[in-house]
Every structure is written in structure tokens, then in C-alpha cells.
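What follows is one structure encoded as C-alpha cells, with my remarks underneath.
All of these numbers come straight from a predicted model, not from anything done at the bench. Each chain gets a letter, A, B and so on, in the order its sequence line appears, and its residues count up from 1.
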Amino acid sequence: MYGNENKKIEREGSNTKEQLEVKASEVFQLKEKFKLQCWDRSFEEWRDLEPQEAFPTNTKFLIILLSASQCTSSSNRCPLASDVSPSLLTDPPPNLPTSSASTIFSTRTDSNWDLHFQLPEFSSAIVDKLQTGSPPLKEAERSAMLEAIYNAVKVYTYYPKTMQYERIIQKLFKVYPKLANQPNMSTGDVQSIWKIRLQYKFSNARKREDSSLPVVQSRKRVRPSLHLSQVPAARKTPPQWGMINYLPQRQESEDDKSIESHIQWLRRENTKKKPHYSRVTEAMSATFSDRRQLIVKEGVSVKQVQELYPWLFDEDEIILEFQRIGSSSITDLIRDGFTKYADAIVTTVKNKKSRPNLVDKAIGDILKYKDESTRHEATKYAAVIAVPTLVNEKLENMLSVVDETHEVKLPVIMEMFEGEEEVSSYTVKVDGFKVTESSNFMSAFAVYLATFYIFNLVYPTALKKTLNFYQRMILNIQDGLPVDKTVMRVVEKINMNM
DNA sequence: CCCACAAGTCGTATGATTGG
DNA sequence: CCAATCATACGACTTGTGGG
């Protein structure tokens with residue numbers, strides 16, 4: 001096989017690697033250097049030839065040019081200059097009828113199809129949008145694109161490999177660079193969104209359109225195994241850590257004794273009516289390293305932490321503690337982050353069919369304010385509580401109204417206390433322990449987020465995506481972990497409304 | 001451990017149908 | 001004629017399995 005040309009060659013007896021190479025260059029009139037690979041049936045992949053190897057009849061060989069870029073002029077063998085030209089040459093089974101031999105040459109066995117794969121043509125409306133980058137594609141248009149790609153690819157395979165999905169997307173991005181350029185997202189993230197999108201398309205299409213095909217049939221699960229109902233095993237996806245554990249060195253001026261005296265002094269100062277706040281902060285800084293060790297390494301309970309460091313249960317100290325870990329002010333981060341995204345988040349959540357009452361109310365309230373800065377605050381509040389809805393998680397797992405009797409067993413929760421008509425205060429609780437109380441939602445929210453990092457808590461499964469969104473888009477803490485796909489898609493949606 | 005996938009299911013964009 | 005309502009198709013999501 002060479003480019004789109006497949007040719008059969010006849011062999012007598014066994015051939016060596018060198019003989020095959022000579023034959024290949026004759027058949028395809030190759031001038032440049034190339035190497036041969038053969039199809040290994042047991043591994044189902046192309047591999048290099050061994051010297052003196054004996055090949056069974058009906059073996060497929062692929063020609064790979066070693067010098068790239070011979071593809072100029074009218075040649076459409078090799079659509080992209082950087083591509084290697086794959087080529088096949090086969091020897092037919094001498095004693096088999098040609099009809100069966102023809103299946104050998106069918107494109108289905110072309111495992112390198114993706115190298116010379118041509119993108120299907122899209123309608124001019126779609127191409128326009130892709131080239132200019134705006135307005136964003138409608139769902140129907142994206143569907144049409146996916147459908148076209150599916151139809152173009154299924155000629156070769158119904159089950160593209162990971163690499164093949166990636167190559168298709170790379171080609172797509174090459175032709176339509178605007179598609180890859182999304183604000184607030186790396187090209188890699190956009191690429192993985194498209195890869196997942198293609199995988200969903202193939203998965204759904206196989207199930208819905210092509211489920212009768214033998215290739216698809218052969219992958220059917222044998223049995224749903226009925227005794228599954230016996231097992232309750234609600235083993236959900238595990239919770240996730242938020243930030244890499246931060247374990248700083250103890251300050252050089254400190255030793256066990258001085259730390260102990262700091263702790264004692266802090267505890268005494270906490271009971272005073274007029275504590276010396278700046279000294280408290282100093283002592284908290286001095287004991288920071290020891291406190292991190294205690295929380296991260298020894299995993300002590302929140303109650304024990306409170307006994308040793310009662311000051312950690314104070315709004316200002318929480319903010320400062322976060323700053324010691326993350327080196328920026330969490331209130332600033334939240335303010336800046338939501339100043340950037342609030343409007344877009346609110347527009348995005350408005351497109352949802354249904355929202356929790358609190359979110360609806362918050363959105364409605366925005367219009368009530370005439371003053372611009374009050375209005376902005378209201379928008380930020382609405383945006384914060386809209387995030388769980390956007391990523392399909394429940395708001396009440398984060399913010400619960402206290403008079404409702406349902407108890408929530410989450411590590412951290414904000415509770416809303418309602419007085420006469422008005423919300424009177426917000427309380428942040430860790431494991432049932434009150435951390436702080438605040439009259440202002442945004443302060444409570446800052447404490448809420450900081451708490452995960454300060455007490456080294458996992459993100460509960462029920463709020464994994466919400467907290468990931470806050471972490472990456474608002475706090476801008478990037479760990480090495482791949483971004484959750486739902487979170488990425490929500491970012492994409494929000495971008496469209498920015 | 002990670003990834004692809006099947007199976008089952010949900011939410012909603014979109015187009016057809018209905019009623020005023 | 002247009003809107004409200006309905007039906008359907010399709011992308012997305014979850015859970016569990018199997019294979020590397």
C-alpha cells in the first residue's frame with residue numbers, strides 16, 4: 001500500500017526483507033528512500049520487518065517514505081506535507097478466489113487511514129462561523145459537523161483509536177484555528193473537549209444507528225447479570241483532594257519550646273475581651289508550620305485543632321491562613337474572579353430550564369438595584385450560587401437554609417439563617433463544627449472555600465465539580481490533575497457569553 | 001491505576017402539531 | 001398567522017466492566 005494505491009504482488013517461495021523492498025520500489029516506481037512495515041495479525045498493528053523473516057501468504061506491507069514532503073503539485077496522495085505517506089502492497093493468496101482477496105484491500109484494513117484522512121465538507125454557514133469564530137455554533141450545526149465526521153470515518157472504522165481521534169481534531173484545528181482558540185482554556189483542554197465529544201458521538205451513533213452491524217454486535221455485553229440488585233455497593237467516584245499539601249519549614253527562630261509558649265499565649269489571648277490582634281497574627285504565623293504538620297501529617301480532628309488554635313476559627317485569621325498557604329488573598333481572588341465571570345455565569349445559568357429557587361431569586365433581585373455597585377454585588381452573589389447548577393450539582397450541598405430539617409453530612413457547609421424575611425447570618429460549619437459566622441455572604445463564602453485548604457479536606461463527591469470550578473477558574477489554583485470534563489464544557493459555555 | 005466502552009438514562013434543542 | 005404544547009432526536013452523564 002502506498003498512499004491511496006494498493007497493489008498486489010506475486011511471490012514465489014519465501015522472500016527476504018531486501019527482495020521485498022526491491023519489488024516494492026519496482027511496483028510503485030519509488031525513487032526516494034522508504035522502509036517497509038508489515039501487518040502483524042497477532043498484535044493488530046504495523047511493525048518493522050525482521051531480517052530473514054518469513055512472511056505467510058496474504059501479508060500486507062506498508063511503505064513509509066523516509067524523506068518527507070514529496071507531495072507537491074497535483075498529487076493528492078498526501079494531503080499534508082508533514083505526513084508520512086503510507087502505502088500498502090500485498091501479495092495475494094495464490095489459491096484463493098479473488099473475491100475473498102478483495103476484502104484484504106478494502107479500506108477497513110487500512111489502520112493508518114487517519115494519516116491521510118480528509119475532513120468532510122461542512123455547509124457554508126458552518127464554515128463561515130468556524131473561520132470567523134463568531135457567532136458560536138448552534139447545537140444543530142455542531143451536530144451536523146459531528147455527523148459528517150462520523151460518516152467520513154466509519155468508512156474506515158467504527159472504533160477509532162485515541163490517537164486517531166486526536167489526529168482528526170488536530171486537522172480540524174489546523175483548518176479552523178479559531179476553533180482551538182478559546183479564552184481561559186488551553187488548546188489541550190479544548191482538544192480534549194472535542195475528543196470526548198467525538199467519542200460520545202461515536203458511542204451514541206453506534207448504539208442508535210449502527211447497532212446491527214457485526215463489528216458493533218460483537219462488542220455487546222453478554223449479560224447484565226441480574227444478581228446485581230443484591231449488591232447495594234453505592235461505591236461512587238471517590239472524593240478528590242483540592243490542593244497539594246503545603247508543608248513549610250518551621251521558622252528558624254522557633255523551637256518546640258517557643259511554639260508551645262505561642263500556643264499557650266494564643267489560647268489565653270482568645271478569652272480576652274480586647275485581644276492584641278497584630279500579635280495574634282504574628283504568633284499564628286510563627287506556629288504555621290507546626291500547625292500544617294498537625295493537620296496534614298497527623299490528620300487531627302477539627303475539634304482538636306480548635307482546642308490548640310482557637311484563633312483559626314476567626315474570619316480574619318482564616319483569610320490570613322489561606323494567604324500563608326496560597327500566597328494571595330482569597331477575598332481578592334474571589335472578587336477578581338467573579339468580577340470577570342459573574343455576568344457570563346448568570347447568562348449561562350439563565351439558559352438552563354430549571355434552577356433552584358435561591359438562584360432564581362438571586363437573579364431576579366439583580367434588577368431591583370439601581371446603584372451600579374450594589375447591582376454588581378448582587379450579580380456576584382447570583383453567580384457564586386449558580387455554579388453548582390451549571391455543573392449539575394445540588395446547591396443545597398453547599399448552602400442550606402437552616403430551618404429545613406434535612407441534615408447534611410458534608411464536611412463543610414454554609415448555613416443560612418433567616419430572620420424576619422431577611423437572611424440574618426451565614427455560618428460555615430466543618431464536620432458539624434461552627435467555624436465562623438458572618439452577616440455577609442461573600443465573607444462566608446471566602447471562609448467556606450478557604451476551609452478546604454486550611455483543614456486539608458477532600459472535596460466531597462457531591463460537590464466535586466463545583467469546587468473544581470472555584471479552584472481553577474476563581475482561585476486559579478492549578479494542580480497537575482486533568483480538568484474535569486464537565487467543568488471544561490461549562491467554561492466553554494461561559495466563554496460564549498462573555 | 002488509567003482508559004475505552006456498553007448500557008441505561010437525563011435534559012434540552014429543535015421541529016411538528018395543535019389551538020386560538 | 002403565531003404561540004403554546006408535544007414529541008423526538010441527540011449530546012451528555014453515570015455506573016460498572018474489562019483490558020492494558
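A cation-pi arrangement, defined by a distance under 6.0 Å to the six-membered ring centre and an angle within 45 degrees of its axis, is absent between A:Arg219 and A:Tyr158.
Both A:Val391 and A:Glu209 lie close to DNA chain C; mapped to their nearest nucleotides by heavy-atom distance, the more 5′-ward contact belongs to A:Glu209.
Panel note: side chain A:Lys171, backbone A:Leu115; a donor-acceptor pair is recorded below 3.5 Å.
With sequence neighbours excluded, no residue forms a ring pair (Phe, Tyr, Trp, His ring centres under 6.0 Å) with A:Phe469. Shown here are the side-chain contact (heavy atoms from CB on, under 4.5 Å) partners of A:Ala446, two or more places apart in sequence or in another chain: A:Ile319, A:Ile330, A:Thr331, A:Ile334.
Within the 4.0 angstrom heavy-atom criterion, only backbone atoms of the sugar-phosphate kind lie near A:Arg489; the bases stay farther away. A:Lys207 comes within 4.0 angstrom of a nucleotide base, judged by non-hydrogen atoms across all strands.
Judged by atom type and distance alone, A:Asn204 reaches the base of C:dA12 through a side-chain donor-acceptor pair under 3.5 Å.
Remark: A:Lys161 does not engage A:Glu166 in a salt bridge, criterion side-chain N to carboxylate O under 4.0 Å.
Checked against a 6.0 Å centroid threshold, the rings of A:Tyr448 and A:Tyr426 do not count as neighbours.
Of all nucleotides listed (B:dT12, B:dC10, C:dC13), B:dT12 comes nearest to the side chain of A:Lys353.
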Tabulated below should be each protein N or O lying under 3.5 Å from an N or O of nucleotides 1-5 of chain B; please produce it.
from  : atom 1 : to       : atom 2 : distance (Å)
B:dA4 : OP1    : A:Thr162 : OG1    : 2.6
B:dA4 : OP1    : A:Lys195 : NZ     : 2.9
B:dC5 : O2     : A:Arg221 : NH2    : 3.4

